[in-house]
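Remember, it's a predicted structure, so these values are computed and weren't measured experimentally. Heavy atoms only: backbone and side chains are in, while hydrogens, waters and symmetry mates are out.
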Amino acid sequence: MDQKSHYSIRKAAFAMFAVLLVASCIVDAVRYLPGTITVSKSTVGERELPIYCVETEKHQVSLTFDLTWGNENTREILDILSARQVKATFFVTGDWVDSYPEEVKRIYEEGHDVGNSSESHRNMIPLTDMQCQQEILSLHNKVKELTGHEMYLFRAPFGDYDNQVIASAKSCGYYSIKWDVDSLDWKDYGVDSIVQTVTQNKHLDNGSIILCHNDAKYTAKALDSLIDNLQKQGYELVPLSQMMYRQSYYIDHEGRQISEEE
């Protein structure tokens, strides 16, 4: 066999191996995916965007909580939400799920959204596509085993996104979520600061996604007043899954999710 023929055979074998490898990865990924995302456009120019808020005529907003480190105030937050009959969205991490499995089950059983904020809560932008998927799917399977729930809402740690992170999340069956109203509760300025920062925020409107943290010093103490004020402004507080669109939508230059259905 001459060198040229040998090279052609090696090249064909390598191509066949690559096809089989990709097919295997797709099968493994689909095995864990909750569904297919149908979206017409989520880019502005060359930039992929997460969902910052939702365009809706309904007077609805969504309270979201990042659960990353502590657990001191989680039960109080859940007690208040239960007493007020308000459902919210909670983004968990792998370590938090390992440490507080009963709270995760309670969140899900009480009708709140459980979202994915990665297994190890590290900045995902420097990671490869495969590493991003591993961060998402590892936690996905952990929560599924614990609750039976197939998560599909993803919030990148620190809210840091680039095109690859969003594409990786999408390939795992996830919608990438950010926020348009930041409570700044992590600054520990006090109850009044949290309430005013949210309720007087220039971005607060129908479809707003509000960022809070379970472990911030004053969040639980501010929650009743925050709910009161938002409701007095005419807003219904709903979990993100009830407010967002699951298919046939696009995202504008401000990160607003807009339905394409008339």
Side-chain angles (χ1 to χ4, degrees), residues 22-39 50-51 62-71 74-75 77-78 81-82 87-124 127-159 161 164-179 209 212-215 238-247 257:
V22 170
S24 175
C25 290
I26 291 174
V27 169
D28 287 341
V30 170
R31 186 178 302 154
Y32 299 102
L33 300 189
T36 302
I37 296 175
T38 303
V39 53
I51 299 169
S62 183
L63 281 177
T64 68
F65 295 86
D66 284 2
L67 283 61
T68 306
W69 294 287
N71 190 44
T74 308
R75 292 181 183 177
I77 289 171
L78 289 172
L81 293 174
S82 177
K87 307 301 182 186
T89 301
F90 293 83
F91 289 93
V92 299
T93 61
D95 287 343
W96 204 91
V97 172
D98 290 337
S99 299
Y100 312 109
E102 294 306 313
E103 277 75 8
V104 177
K105 287 192 285 188
R106 179 183 174 186
I107 289 168
Y108 176 68
E109 289 169 358
E110 293 189 357
H112 304 289
D113 287 340
V114 184
N116 188 326
S117 195
S118 81
E119 174 65 30
S120 62
H121 198 258
R122 54 177 171 159
N123 191 317
M124 297 184 71
L127 304 184
T128 66
D129 183 60
M130 182 173 293
Q131 288 173 324
C132 288
Q133 292 176 9
Q134 288 173 343
E135 283 282 335
I136 294 168
L137 291 178
S138 175
L139 178 56
H140 179 95
N141 296 330
K142 188 178 293 185
V143 171
K144 181 182 178 182
E145 182 177 352
L146 186 63
T147 66
H149 176 53
E150 299 270 14
M151 295 186 295
Y152 55 87
L153 302 174
F154 173 68
R155 175 171 281 165
F158 318 108
Y161 290 96
Q164 177 178 273
V165 173
I166 294 175
S168 296
K170 190 181 298 182
S171 72
C172 293
Y174 276 80
Y175 301 83
S176 292
I177 308 297
K178 196 158 180 176
W179 59 84
I209 300 172
C212 299
H213 301 80
N214 72 309
D215 61 333
V238 299
L240 188 51
S241 61
Q242 184 176 326
M243 189 171 72
M244 64 180 284
Y245 306 109
R246 297 289 298 275
Q247 59 184 3
Q257 188 193 39

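Other residues, nucleotides and ligands place more than 12 heavy atoms under 6.0 Å from the CZ atom of R106.
Two residues are said to be in side-chain contact when any heavy atoms from C-beta on lie closer than 4.5 Å; I177 and T64 fail this criterion. R155 is listed as a side-chain neighbour of W179, based on a closest heavy-atom distance under 4.5 Å. Considering only heavy atoms from C-beta on, F65 stays 4.5 Å or farther from I107 through its side chain. Taking 4.5 Å as the limit, some side-chain heavy atom of M244 sits within range of a side-chain heavy atom of L153. Between V143 and N116, the closest side-chain pair of non-hydrogen atoms is not below 4.5 Å. Two residues are said to be in side-chain contact when any heavy atoms from C-beta on lie closer than 4.5 Å; V114 and T147 fail this criterion. With a 4.5 Å cut-off on side-chain heavy atoms, H140 and C172 do not count as touching. Between T68 and H213 the shortest side-chain heavy-atom distance does not fall below 4.5 Å.
Residues forming a salt bridge (Lys or Arg N to Asp or Glu O under 4.0 Å) with E102 (at least two apart in sequence, or on another chain): K105. For T128, the side chain to side chain contact (heavy atoms under 4.5 Å, CB included) test picks out M130, Q131, with sequence neighbours left out.
Of the inter-residue distances, the one linking N123 atom CG with Y161 atom OH reads 11.5 Å to the nearest 0.5 angstrom. Interatomic distance, F158 CZ to D66 CG, rounded to the nearest 0.5 Å: 10.5 Å. Of the inter-residue distances, the one linking D95 atom CG with W69 atom CH2 reads 11.0 Å to the nearest 0.5 angstrom. Note that the SG atom of C132 and the CG atom of L137 stand 11.0 Å from one another [nearest 0.5 Å]. To the nearest 0.5 Å, atoms CE (M243) and OG1 (T89) are separated by 8.0 Å. To the nearest 0.5 Å, atoms OG (S120) and CG (L127) are separated by 7.5 Å.
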- Output, in order, the C-alpha distance, side-chain angles, deciding distance and verdict of side-chain contact (heavy atoms from CB on, under 4.5 Å) for K170 and F154. CA-CA 9 Å; K170 190 181 298 182; F154 173 68; over 6 Å; no
- Using the side-chain contact (heavy atoms from CB on, under 4.5 Å) rule, take D215 and W96 through it: C-alpha gap first, then chi angles, then the decisive distance, then the call. CA-CA 12 Å; D215 61 333; W96 204 91; over 6 Å; no
- side-chain contact (heavy atoms from CB on, under 4.5 Å) evaluation trace for E103 with V92: CA-CA 11 Å; E103 277 75 8; V92 299; over 6 Å; no
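Shortest non-hydrogen contact noted between L139 and S117 is CD2-N, 3.9 Å. Between Y152 and S241, the shortest heavy-atom distance links the atoms OH-CB, 3.1 Å. Among all heavy-atom pairs drawn from A156 and V165, the shortest one is CB-CG1, 4.3 Å.
Remark: side-chain polar atoms of K87 are not paired, donor with acceptor, to backbone N or O of S62 under 3.5 angstrom. Remark: side-chain polar atoms of N214 are not paired, donor with acceptor, to backbone N or O of T74 under 3.5 angstrom. At least one donor-acceptor pair under 3.5 Å links the side chain of S168 to the backbone N or O of Q164. Listed for the T93 side chain is no donor-acceptor partner under 3.5 Å among the backbone atoms of H121.
Among residues at least two apart or in separate chains, salt bridge (charged side-chain N to carboxylate O under 4.0 Å, His left out) pairs with a member in residues 114-123 are E119-K142, R122-E135.
For the residue pair Q133/D129, the side-chain donor-acceptor check at 3.5 Å is satisfied.
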